[in-house]
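Below you'll find the structure, written out as structure tokens, and then a few comments.
Remember, it's 1-based here, ligands and their atoms both numbered in the order they're listed. The figures here come from the full heavy-atom set of this structure, side chains too, leaving out hydrogens, waters and symmetry mates.
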Amino acid sequence: MNPTSALDTSKRLFEEARQYIPGGVNSPVRAFRSVGGDPVFFQRALGAYLYDADNKAYIDLINSWGPAILGHTHPVAVDAVKQALQQGFSFGAPTEREIDMAKIIVEATPSIDLVRMVNSGTEATMSAIRLARGYTGRSKFIKFAGCYHGHGDSFLIAAGSGAMTFGVPNSPGVTPGTAQDTLIATFNDLPGLEELVAANQGEIAAIIIEPVTGNMGVVLPEPGFLEGLRALCDDQGILLIFDEVMTGFRLGYGSAQQLLGITPDLTCLGKIIGGGMPVGAYGGRREIMENVSPSGPVYQAGTLSGNPVAMAAGYATLNYLRTHPEVYTRIEATSAALADIFTSELTAKGIPHGVQRMGSMLTLFFKEGPIRNYDEALECDTEAFARFFHHLLGHGVYLPPSQFEAMFVSLAVGDTELNKIQETCRAF
Ligand code: PLP
């Protein structure tokens with residue numbers, strides 16, 4: 001029996017949702033299409049746990065796809081939101097909270113002198129690409145196959161038939177005209193990237209990358225890859241954009257860029273900086289960011305940008321991380337223990353797999369590693385993953401419902417949860 005079929009209330013809610021919402025969900029991965037079965041509807045969350053519509057508890061290894069690094073409904077964020085709400089929740093005019101937020105991001109991130117708040121990661125990446133184009137006067141940009149940068153038209157592009165071809169839209173509604181300015185490279189392949197840049201000399205505004213990927217599962221940059229990418233950008237006058245929507249403030253308080261020792265020209269942020277509220281941001285060197293309106297000609301705006309309640313939740317979360325550096329030590333240890341559990345239990349069963357991890361982001365691939373790029377990730381046994389996923393779900397452990405996603409570990413996960421996960425894996 002598919003364990004999710006027992007979840008009667010979720011089933012009923014999903015049926016009802018499909019009458020009013022495309023596919024019954026407001027973001028596609030939530031629909032469980034790549035693992036089969038019906039999604040679980042949740043009603044509340046606390047610490048390490050989510051509670052479904054029937055009040056069944058699940059250990060959460062997604063944490064809202066990253067934001068809930070402190071665990072769900074952490075008192076620090078809840079108190080900040082309550083206080084902000086009482087003061088009014090949308091002014092469409094500047095507030096001091098926005099300065100606090102900008103300051104804490106700038107002080108944590110040496111590559112960022114100025115930062116603009118937006119409402120999602122998608123807005124951050126779209127705006128960063130527009131800025132890079134405006135700043136350089138060039139039209140094309142390069143992204144890497146398997147990296148996801150939100151649902152902006154110019155990011156929904158698949159690789160063409162060869163490295164030298166233009167990209168092709170991978171969603172109806174994206175025009176060939178848009179696709180032709182997006183070039184696709186292979187993660188961890190510096191020679192291929194150099195070739196692509198050489199073939200488009202003087203035309204590339206930016207290269208955008210997840211410095212440690214989460215969206216094809218966790219794939220780490222090989223030694224020298226990001227260094228080579230940085231040098232290539234410097235040499236060719238190309239802006240290097242780190243999309244740290246997932247990795248920002250997750251891999252460390254200085255984000256992936258500090259951990260890896262690479263300085264991007266622009267950085268995109270989201271998830272953790274909103275503390276669970278809809279927030280994104282992009283920032284970088286003053287000389288580049290001063291091109292953003294109203295200080296410069298590159299237009300970008302937002303009715304709800306810098307929303308006071310969202311700023312309160314985000315600032316409280318970032319300030320907690322700033323003042324409690326032990327959070328990172330703790331989630332590193334928990335994540336290492338979780339990786340060991342997966343490795344030892346699946347090895348004992350002779351199931352081919354590989355765990356790839358950096359800090360509190362990890363993916364259990366159903367294929368022996370290392371996985372270095374998207375093509376290699378696609379070779380995983382997705383059916384084995386789906387069986388594993390449903391086994392854990394049925395026993396109250398909530399994994400991302402796709403082989404090609406990262407798990408995000410929160411501060412709230414402790415020995416009780418790790419022991420339960422181990423027992424569940426053993427029973428697989
Ligand atoms: N960039 C990365 C690396 C992401 O992982 C995501 C979303 O998961 C985005 C951008 C888009 O962010 P949002 O879903 O907030 O628009």
Side-chain angles (χ1 to χ4, degrees), residues 25-31 34 61-69 109 116-132 141-157 170-171 182 184 187 206-221 226 240-251 255-257 259-260 264 266-284 300 302 304-307 310 313-314 317 356 358-363 374 377 399-408:
V25 291
N26 279 312
S27 195
V29 72
R30 297 178 196 172
S34 64
L61 295 177
I62 307 181
N63 283 294
S64 188
W65 302 96
I69 188 168
T109 322
R116 167 61 60 84
M117 303 310 299
V118 291
N119 304 291
S120 67
T122 295
E123 271 188 67
T125 54
M126 280 171 18
S127 308
I129 290 291
R130 182 184 306 139
L131 173 58
F141 75 91
I142 296 177
K143 76 175 281 288
F144 292 86
C147 285
Y148 176 69
H149 304 292
H151 66 88
D153 281 3
S154 60
F155 297 114
L156 298 181
I157 311 296
N170 63 5
S171 166
T182 303
I184 312 290
F187 200 82
I207 301 180
I208 187 167
I209 190 166
E210 292 177 72
V212 173
T213 81
N215 287 295
M216 52 177 135
V218 173
V219 175
L220 309 182
L226 292 178
L240 176 57
I241 305 175
F242 270 11
D243 180 350
E244 297 228 44
V245 167
M246 272 186 176
T247 53
F249 292 91
R250 171 151 293 273
L251 298 187
S255 303
Q257 50 195 268
L259 203 67
L260 300 167
L266 291 173
T267 300
C268 300
L269 295 165
K271 299 195 189 268
I272 288 175
I273 64 163
M277 294 284 173
V279 175
Y282 65 105
Q300 186 270 308
L304 294 174
S305 295
N307 172 270
T317 305
Q356 298 195 175
M358 188 170 272
S360 59
M361 284 171 64
L362 66 153
T363 298
Y374 189 47
L399 294 184
S402 161
Q403 169 69 99
F404 308 110
E405 295 285 358
M407 292 175 224
F408 298 94

Interfacing atoms of ligand 1 (cut-off 4.0 Å, heavy-atom, [X]):
X    : value
E210 : 3 (C)
S120 : 15 (O), 16 (O)
M246 : 5 (O)

Side chain to side chain, V219 and Q356, heavy atoms closer than 4.5 Å
yes
Heavy-atom proximity to atom 9 (C) of ligand 1 ranks first, among P67, G150, G280, for G150
Shortest heavy-atom approach to atom 10 (C) of ligand 1 - which of D243, V212, V118:
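Nearest heavy atom to atom 10 (C) of ligand 1 lies in D243.
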For ligand 1, does E244 get within less than 4.0 Å through its side chain, its backbone, both, or neither, judged by non-hydrogen atoms?
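Neither; nothing of E244 gets under 4.0 Å from ligand 1.
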Tell me the contacting part of W65 for ligand 1: side chain, backbone, both, or neither, using a 4.0 Å heavy-atom threshold, strictly below.
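Neither part.
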Could you find the nearest protein heavy atom to [atom] and give me its residue, atom name and distance?
atom                    : answer
atom 14 (O) of ligand 1 : T122 OG1, 4.4 Å
atom 13 (P) of ligand 1 : G121 N, 3.5 Å
atom 8 (O) of ligand 1  : K271 NZ, 3.0 Å
atom 4 (C) of ligand 1  : N215 ND2, 3.7 Å

Let me see the working for Y148 and E210 under side-chain hydrogen bond (donor to acceptor under 3.5 Å, both in side chains), right down to the final yes or no.
CA-CA 8 Å; Y148 176 69; E210 292 177 72; over 6 Å; no
Is there a donor-acceptor contact under 3.5 Å linking the side chains of R116 and S127?
no
Can you find a side-chain donor-acceptor pair between E244 and T247 that sits under 3.5 Å?
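Yes - a donor-acceptor pair under 3.5 Å links their side chains.
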Of all residues at least two apart in sequence or in a different chain, which pass the side-chain contact (heavy atoms from CB on, under 4.5 Å) check with S120?
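Expected list: T122, E123.
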Mind checking what makes side-chain contact (heavy atoms from CB on, under 4.5 Å) contact with A313, not counting sequence neighbours?
V81, M277
Using 30° and 60° as the class boundaries, would you call the ring planes of H149 and F155 parallel, tilted or perpendicular?
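If you compare the ring of H149 with that of F155, the planes turn out tilted.
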If the test is side chain to side chain contact (heavy atoms under 4.5 Å, CB included), which one of N215, I184, I207 qualifies with F144?
I207
